[in-house]
S.K.: 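Got a structure here, written out as structure tokens. Questions coming.
Counting begins at 1 with the first residue of the sequence.
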Amino acid sequence: MSRHQKPAAPAPRRPGPKGWPGRDRGEAILIDPASEFRGTTVQVCGLWPWVVGSGTPMVGVPLGRHIITGATLCCDPISWFQRAKLIRNPSVFFLGLTGLGKSTAVRRMATGLAGYGVLPIVLGDLKPDYIDMVTALGGQVITLGRGRGHLNILDPGQAKHAARRLRDAGYEKQAQEVEADAHARRLTMVSALLTILRKQPPSDVEESVLDQALRVLDHQATHTPVLADLLAIVQDGPAAVREVAVDRGDFGEYQRITRGLEASLISLSRGGRLGEIFAQPTTNPMQLDRPVVYDVSSITEADHDVRAAVLLACWSNGFATVNIAQVLADAELEQRRHYFVIMDELWQALRSGSGIVDRVDSLTRLNRQVGVGTAMITHTMSDLRALPTPEDYLKAKGFVERAGMVICGGLPQAEMVDLTPVIGLSQAEQAMLASWQDPPAWDSRRGQEAEPPGLGKFLVKVGGRPGIPIRVDLTRTEQHIHDTNKLWHQRSRVGTRP
């Protein structure tokens with residue numbers, strides 16, 4: 001410092017983070033954390049100071065809280081597609097190990113969407129996990145299984161009634177389209193049942209015979225036909241049916257051509273392995289204005305063929321109803337309805353038959369046109385890799401790639417190899433997901449396991465954006481509805497002394 005320079009003024013003294021240090025100067029030993037409050041802009045408008053906005057989307061169903069910031073995340077595929085424009089199509093793919101809350105998070109979405117006017121439908125509940133939710137929403141539970149309910153695959157459902165309404169309102173073309181869709185759906189389902197029964201598809205001639213037989217049946221029947229009525233038409237051999245069979249006027253030749261088809265229809269219409277569920281009039285027709293769940297939990301995985309046939313029939317019947325609702329809405333004869341289709345335990349459905357893979361593949365490509373949002377749920381990418389053919393695996397892998405959003409729970413580290421190229425997980429996100437699948441700690445004091453570290457925790461990924469880690473906490477009402485351990489509330493006492 002030179003002689004002419006003035007010394008710098010000392011900086012004003014300021015207290016430290018705990019106050020003025022030193023004896024009798026008021027220094028605090030402990031600092032209480034500031035109270036935090038959250039509310040909407042309506043509830044906390046004008047509040048000052050230190051008000052900060054949420055950094056997470058606030059459009060849609062309140063799904064959970066950000067694990068790091070505590071901010072609320074509102075998230076569902078239909079709201080993010082329709083209102084927020086955050087995703088390209090209304091679909092979500094859930095991945096995560098079992099027992100970490102995937103189904104619970106989907107039920108939270110479905111319940112919230114029902115509040116927005118979207119109808120949740122579950123076309124094949126295999127566990128079941130959604131019956132209590134649908135019942136609480138005032139919906140329809142359709143039970144299928146041996147001795148539990150029937151689904152007549154020849155029942156056109158509400159197609160006839162819808163066609164009549166369209167025709168009366170002057171929509172002749174739309175009425176013909178509805179009737180044509182109903183005819184094609186029934187023909188497809190009969191062919192699918194024959195394929196499952198025989199382990200091979202029917203021949204071209206047999207499909208032509210079935211097509212004509214269904215048309216004759218529609219022209220003659222005075223009641224809703226069943227498979228026995230279709231068998232009777234094939235056995236009688238009216239002129240229109242014999243014409244497509246190319247019997248050249250020889251009824252004996254016609255019987256030879258249709259002998260195999262007749263035998264298969266006898267098996268289906270008189271009970272048999274598949275006919276018990278499909279050969280009787282529909283027990284509980286699906287309604288288009290209520291939440292719906294098809295309870296197929298009584299059909300075990302060991303009953304592979306029956307489960308595949310029932311799932312195909314549920315999908316066919318469900319989407320036929322959705323299509324009718326959209327046609328009526330286009331003609332302004334009904335209100336516009338959107339549906340939230342839930343496909344839980346997708347791996348079981350996909351392994352039931354290649355027809356299911358193709359059906360889901362078609363849905364994931366056309367869900368915007370059909371007017372439905374979808375939620376697909378499975379455990380890991382390895383579930384998809386275990387499909388019977390490489391073609392099915394590639395189609396199923398496309399479900400994840402085309403999903404509007406992917407929500408991941410706890411996953412093994414080995415899954416990151418298949419998952420990272422699809423949704424772009426960072427190293428930190430991979431470590432987070434892997435840590436969530438760790439086993440829970442052992443509480444030696446109480447003699448039981450603590451809560452799993454990944455329970456209710458999910459990472460929401462949209463495209464290549466950084467993921468949003470959230471935790472889903474249940475309300476008291478949801479804890480009652482989402483209880484999937486009801487059979488374990490009472491301890492088995494068989495074999496103990498009274």
Side-chain angles (χ1 to χ4, degrees), residues 92-110 120-135 137 139-151 192-193 196 273-274 276-278 283-284 286 291-319 339-361 363-364 372 374-380 382-384 386-388 392 396 399 409 481-488:
V92 55
F93 201 103
F94 269 85
L95 283 164
L97 294 181
T98 185
L100 296 181
K102 300 186 298 299
S103 301
T104 300
V106 173
R107 284 193 293 264
R108 165 73 63 83
M109 281 187 180
I121 54 177
V122 187
L123 301 177
D125 192 357
L126 298 169
K127 279 189 172 178
D129 282 344
Y130 298 89
I131 291 178
D132 289 345
M133 180 198 74
V134 171
T135 302
L137 293 174
Q140 185 183 15
V141 179
I142 301 174
T143 304
L144 296 177
R146 289 193 171 94
R148 290 175 169 81
H150 305 284
L151 180 60
L193 286 190
I196 294 173
R273 190 156 48 93
L274 299 177
E276 185 178 348
I277 297 174
F278 303 106
T283 308
N284 190 3
M286 179 179 173
V292 175
V293 55
Y294 281 90
D295 176 16
V296 297
S297 57
S298 63
I299 306 171
T300 63
E301 191 176 358
D303 221 345
H304 185 270
D305 290 344
V306 176
R307 176 178 277 197
V310 168
L311 286 174
L312 278 173
C314 292
W315 278 70
S316 175
N317 199 46
F319 278 98
Y339 297 85
F340 184 49
V341 179
I342 300 171
M343 293 168 278
D344 203 347
E345 301 292 344
L346 184 65
W347 64 278
Q348 289 195 41
L350 295 180
R351 291 182 194 178
S352 297
S354 59
I356 294 287
V357 178
D358 293 333
R359 190 72 183 178
V360 178
D361 186 53
L363 177 61
T364 57
V372 300
T374 54
M376 295 166 280
I377 310 164
T378 191
H379 297 144
T380 62
S382 302
D383 293 340
L384 308 181
L387 290 175
D392 284 350
F399 303 161
I481 294 176
H482 297 177
D483 185 2
T484 56
N485 292 325
K486 292 176 182 175
L487 297 182
W488 297 95

S.K.: What pairs with Arg146 under salt bridge (charged side-chain N to carboxylate O under 4.0 Å, His left out), at least two apart in sequence or on another chain?
M.R.: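 Applying salt bridge (charged side-chain N to carboxylate O under 4.0 Å, His left out) to Arg146 gives Glu276, Asp303.
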S.K.: Tell me, do Val122 and Val292 make a side-chain contact under 4.5 Å, heavy atoms counted?
M.R.: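 No; the side chains remain at least 4.5 Å from each other.
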S.K.: Among residues at least two apart in sequence or on other chains, which ones pass side-chain hydrogen bond (donor to acceptor under 3.5 Å, both in side chains) with Thr143?
M.R.: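 None.
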S.K.: Could you go through the side chain to side chain contact (heavy atoms under 4.5 Å, CB included) check for Val341 and Phe319 one step at a time?
M.R.: CA-CA 10 Å; Val341 179; Phe319 278 98; 4.2 Å; yes
S.K.: So, for Phe278 and Ala313, which heavy atoms are closest and what is the spacing to 0.1 Å?
M.R.: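 Closest approach of Phe278 to Ala313, heavy atoms only: CE2-CB, 3.6 Å.
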S.K.: Please report the interatomic distance CD(Gln140) to OG1(Thr135), rounded to the nearest 0.5 Å.
M.R.: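 The OG1 atom of Thr135 is 11.0 Å from CD of Gln140, to the nearest 0.5 Å.
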S.K.: Heavy atoms, side chains only, cut-off 4.5 Å: are Phe94 and Met109 in contact?
M.R.: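 Yes, close enough: below the 4.5 Å cut-off.
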S.K.: Holding to side-chain hydrogen bond (donor to acceptor under 3.5 Å, both in side chains), I want the full list of residues that pass it with Tyr339, two or more places apart in sequence or in another chain.
M.R.: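 None.
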S.K.: How would you list, by chain and number, every residue that makes a side chain to side chain contact (heavy atoms under 4.5 Å, CB included) with Ile196, sequence neighbours excluded?
M.R.: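 Ile196 satisfies side chain to side chain contact (heavy atoms under 4.5 Å, CB included) with Leu274, Asp305, Ala308, Ala309, Leu312 once adjacent residues are dropped.
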S.K.: Do Ser298 and Arg148 come close enough that some side-chain heavy atom pair is under 4.5 Å?
M.R.: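 SC-SC contact between Ser298 and Arg148 confirmed.
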S.K.: Checking side chain to side chain donor-acceptor pair (under 3.5 Å) for the pair Tyr130/Asp295: CA distance, chi angles, key distance, verdict?
M.R.: CA-CA 9 Å; Tyr130 298 89; Asp295 176 16; over 6 Å; no
S.K.: Is Asn284 reaching over with its side chain to a backbone N or O of Val141, donor-acceptor style, under 3.5 angstrom?
M.R.: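 Between the backbone of Val141 and the side chain of Asn284 there is a qualifying donor-acceptor contact (under 3.5 Å).
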S.K.: What distance do Asp125 atom CG and Ile342 atom CD1 have between them, rounded to the nearest 0.5 Å?
M.R.: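 So the gap between those two atoms works out to 9.0 Å.
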S.K.: Set out, in order, the CA-CA distance, both residues' side-chain angles and the distance that settles side chain to side chain contact (heavy atoms under 4.5 Å, CB included) for Phe340 and Thr374, then state yes or no.
M.R.: CA-CA 6 Å; Phe340 184 49; Thr374 54; over 6 Å; no
S.K.: Roughly how far, to the nearest 0.5 Å, is the CG atom of Leu346 from the CG atom of Leu126?
M.R.: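 So the gap between those two atoms works out to 10.0 Å.
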S.K.: Quick one: CG on Leu123 to CH2 on Trp315, what's the gap to the nearest 0.5 Å?
M.R.: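 One finds 6.5 Å between CG of Leu123 and CH2 of Trp315.
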S.K.: Would you mind reporting whether Asp344 and Asp129 have side-chain heavy atoms less than 4.5 Å apart?
M.R.: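 Side chain of Asp129 against side chain of Asp344, heavy atoms only: contact under 4.5 Å found.
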S.K.: Hey, does Thr378 have a side-chain heavy atom less than 4.5 Å from the side chain of Phe93?
M.R.: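 Yes, close enough: below the 4.5 Å cut-off.
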S.K.: Hey, could you give me the CZ/OG distance between Arg108 and Ser103, rounded to the nearest 0.5 Å?
M.R.: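 Output value for this atom pair is 14.0 Å.
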S.K.: Which residues satisfy the side chain to side chain contact (heavy atoms under 4.5 Å, CB included) test with His379, sequence neighbours excluded?
M.R.: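 His379: side chain to side chain contact (heavy atoms under 4.5 Å, CB included) contacts with Thr98, Lys102, Glu345, Trp347, Asp383.
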S.K.: Just to verify, which of Val293, Val134, Leu137 counts as forming a side-chain contact (heavy atoms from CB on, under 4.5 Å) with Pro120?
M.R.: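 Going through Val293, Val134, Leu137 one by one, the side-chain contact (heavy atoms from CB on, under 4.5 Å) with Pro120 is satisfied by Leu137 alone.
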S.K.: Are Cys314 and Leu144 close enough that some pair of their side-chain heavy atoms sits under 4.5 Å apart?
M.R.: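 The answer is yes, as the side chains (C-beta and beyond) meet within the 4.5 Å cut-off.
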S.K.: Please identify each residue that fulfils side chain to side chain contact (heavy atoms under 4.5 Å, CB included) with Ile277, with sequence neighbours left out.
M.R.: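 Ile299, Val306, Val310.
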S.K.: To the nearest 0.5 Å, tell me how far Leu95 CG sits from Met376 CE.
M.R.: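 If we round to the nearest 0.5 Å, Leu95:CG and Met376:CE are 10.0 Å apart.
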